[in-house]
Amino acid sequence: MTGNAVEDKRADRLPLAVRLLLERSPEFAAALPKLPKLREKIAGTLEEVLVHGDLVEDLELARAYAEYYCVPLIDAAELGGRLRADSAVARRVPELVCRQYFLLAFAQEGASLSVAMVNPGDREAVDQVQLATGCVISPVAAPLTVVEDMISVAFGERDMVKEISSSAVLDAAPPDEDGEFGSVVNLSRATPGGKDGHVVRLVNHILAEAVRTRASDIHLEPFENDVRIRFRVDGSLRELTAPPKATYVPMVSRLKILSKMDIAERRLPQDGAFTIRLGEKRVDLRVSTVPTVYGEKMVMRLLNKDAAPLDLKGLGFTDRQAEDFIEAIQSPHGLIFVTGPTGSGKTTSLYAALKILNQPDVNIMTVEDPVEYRFMGINQIQVKAQVNMTFAGALRAFLRQDPDIIMVGEVRDQETAQICMRAALTGHLVLSTLHTNSALGAVSRLKDMGIEPFLLGSAVRLLEAQRLVRRLCMACRAPIKVDATVRAKYGFAPDEVLYGPTGCAECGGNGYRGRVGVYEVIRISPALGELISGGAGVNEITAAARKAGIDFLFQDGMEKVRRGLTTVEEILTASEGH
């Protein structure tokens, strides 16, 4: 067999779309080696991979199909005009068939139905339309993005939960990888056929949608006759379309399997973890279940290391706050406490500090519950109460490991507080968190735990409090009118421009996108240290800090309002008017 004959035989094995494009465009041959890797990353048809992978323009692919099958080519303007003239004809074909095969009916003459198709030669698609309508099908070629857009015009935005739940096509779970932190689920991979695949598709869709919307938590909640799915986005819970009640238990079972939980145990709370991969993104999920009267409620916390800004300016610190914070964490020893309620970003602030401190010449050890982000060069330990690996137990072990810097996820009890103090007084830098309403509230809290004031005054280097508030969408925020009384009350000048939420496609219509931190950073100067050592009350120490020019939560928040980052209402809610 000659060399040319071998090449011809290999070309015959290529998909039709690829052969057509190779014949039409020599440039396509140079891009062809990228196709196998793109097919792994992008779930969908070959046409989707070619177009969405930027290997070819969708119009070029449509022209190739039109010429090969000798069918007309329709563009966006003509297809849109036909739909406006007679939108009912599009709905003759079920939405699920249109979306699955990328086609749209747009005209009917007698028993003949004209259908715009991305691949006019797809016999299975034609058969499905004939079965649904009883018409003779006249295929017309159309670009992929045109068909996608017009399907949205005809049927509305895609409701995947409803679509998957009602699907009669059952797909099976792809084999999951095993990773260091449990199962690694590749959401970009297509699902082959099988008996329980509709549940897998539903779970995969919910997880992918959570990543797409930047959700921090997913709530799955059972009730008597239905279920509820909610995402926490920018601190607020948003409800999704709920699947049928019958799918709830299989969904939870699927997630429990991924999380390495006991699917037979439904009477006790359980914790687990797994990882999802979507394109280039890799997100860890911490999973928790609790039994309720109607079944198990499941909450999943999404931990996207790439999405978290780990520099102080990116978190929202002012120049002075960042300087004070960095100067304090570079102390050779002492205590640094980050305070605030659950979900205020305390751990992220500590990780930002560790990122600065993480150098080859220092030994950093952390004990956390849970370990949220993994860092190269930092020794991180997970609390395991069932084997007596507590914060206090880990700290005692740390002191025998020659540490320079210790990070404790949270000081919860007297024993942990005392070991932290001992470590700080013996030459170690200790960073931790406390649940208090203000930075100086940490002084009272530590006194309540039995720490002597004279030790606190000499050991504490910095106290920081923080809250997270919703950030205005920069794409649609708009100037607002503010009453003169309100301006005077909160110190805004009459000519200062303040902004409010509007709502656009960028932010999902609610006017906010993302969150920004509001902080109070208090360096413990010698004067403040003396007040703490002398047993002064919080009010006296606060007055001294204010006199030294420290901005507290309320003042920092109002400065962010002036900068157009958020609103007065957000700051009042976060700082309780302090």
Side-chain angles (χ1 to χ4, degrees), residues 214 232-238 309 312-325 339-341 343-345 349 436-441 463-523 528 537-578:
R214 302 171 294 105
R232 188 175 294 281
V233 181
D234 299 335
S236 300
L237 285 170
R238 302 179 186 176
L312 299 178
K313 297 289 183 63
L315 293 173
F317 283 77
T318 64
D319 289 342
R320 175 177 174 176
Q321 289 171 340
E323 288 170 11
D324 286 347
F325 194 91
T339 72
S344 59
S349 295
T436 62
N437 290 328
S438 66
L440 291 172
L463 299 173
E464 185 250 286
Q466 61 185 71
R467 303 287 190 275
L468 289 177
V469 297
R470 292 185 295 173
R471 185 193 293 265
L472 283 169
C473 174
M474 295 295 112
C476 68
R477 66 175 186 173
I480 57 172
K481 291 182 179 179
V482 179
D483 185 82
T485 307
V486 175
R487 286 182 178 273
K489 181 177 180 180
Y490 297 119
F492 299 119
D495 58 343
E496 273 189 291
V497 179
L498 303 181
Y499 292 88
T502 301
C504 65
E506 226 17 63
C507 58
N510 66 6
Y512 295 92
R513 181 174 173 82
R515 290 191 287 178
V516 63
V518 179
Y519 302 93
E520 57 185 40
V521 177
I522 302 177
R523 282 289 315 278
L528 290 179
V538 170
N539 290 339
E540 186 180 350
I541 303 171
T542 301
R546 202 182 301 277
K547 190 175 179 181
I550 299 295
D551 281 339
F552 291 88
L553 287 172
F554 183 73
Q555 288 76 33
D556 185 54
M558 288 304 165
E559 183 58 33
K560 288 179 169 66
V561 173
R562 288 188 175 89
R563 290 163 55 195
L565 298 178
T566 188
T567 62
V568 172
E569 292 77 14
E570 286 290 305
I571 299 304
L572 292 177
T573 301
S575 66
E576 300 174 349
H578 296 319

How close do [X] and [Y] get, counting heavy atoms only, and between which atoms?
X	Y	answer
Arg562	Tyr490	NH2-O, 3.9 Å
Phe325	Leu312	CD2-CD1, 3.8 Å
Gly549	Arg320	O-NH1, 3.1 Å
Pro479	Tyr499	N-CD2, 3.7 Å
Asp556	Tyr519	OD2-N, 2.8 Å
Arg467	Asn437	NH2-O, 2.7 Å

Can you find a heavy atom in the side chain of [X] that is under 4.5 Å from one in the side chain of [Y]?
X	Y	value
Thr339	Ser438	no
Glu570	Val561	no
Phe492	Leu498	yes
Ile571	Glu559	no
Glu520	Glu464	no
Leu315	Gln321	no
Thr567	Leu472	yes

Supply the atom-to-atom distance [X] [atom1] to [Y] [atom2], rounded to the nearest 0.5 angstrom.
X	Y	atom1	atom2	result
Leu463	Leu440	CG	CG	6.0 Å
Met558	Arg563	CE	CZ	14.5 Å
Asp234	Arg214	CG	CZ	4.5 Å

_With side chain to side chain contact (heavy atoms under 4.5 Å, CB included) as the criterion, how do Phe552 and Ile522 come out once you've worked through the C-alpha distance, each side chain's angles and the decisive distance to 0.1 Å?_
CA-CA 9 Å; Phe552 291 88; Ile522 302 177; 3.9 Å; yes
_Would Glu496 and Arg487 count as a side chain to side chain contact (heavy atoms under 4.5 Å, CB included) here? Give the steps._
CA-CA 9 Å; Glu496 273 189 291; Arg487 286 182 178 273; 3.9 Å; yes
*Given side chain to side chain contact (heavy atoms under 4.5 Å, CB included), test Asp551 with Thr318 step by step and report yes or no.*
CA-CA 10 Å; Asp551 281 339; Thr318 64; 6.0 Å; no
*Which one of Arg477, Arg515, Lys560, Arg471 satisfies the side chain to side chain contact (heavy atoms under 4.5 Å, CB included) criterion with Thr566?*
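By the side chain to side chain contact (heavy atoms under 4.5 Å, CB included) criterion, Thr566 pairs with just one of Arg477, Arg515, Lys560, Arg471: Lys560.
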*asked:* Using the rule side chain to side chain contact (heavy atoms under 4.5 Å, CB included), only one of Cys507, Cys473, Cys476, Pro501 pairs with Tyr512; which is it?
replied: Pro501
*Within the side chain of Ser344, is there an N or O that forms a donor-acceptor pair under 3.5 Å with the backbone of Pro341?*
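Checking the backbone N and O of Pro341 against the side chain of Ser344, a donor-acceptor pair under 3.5 Å is found.
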*Checking side chain to side chain contact (heavy atoms under 4.5 Å, CB included) for the pair Val469/Val516: CA distance, chi angles, key distance, verdict?*
CA-CA 6 Å; Val469 297; Val516 63; 3.7 Å; yes
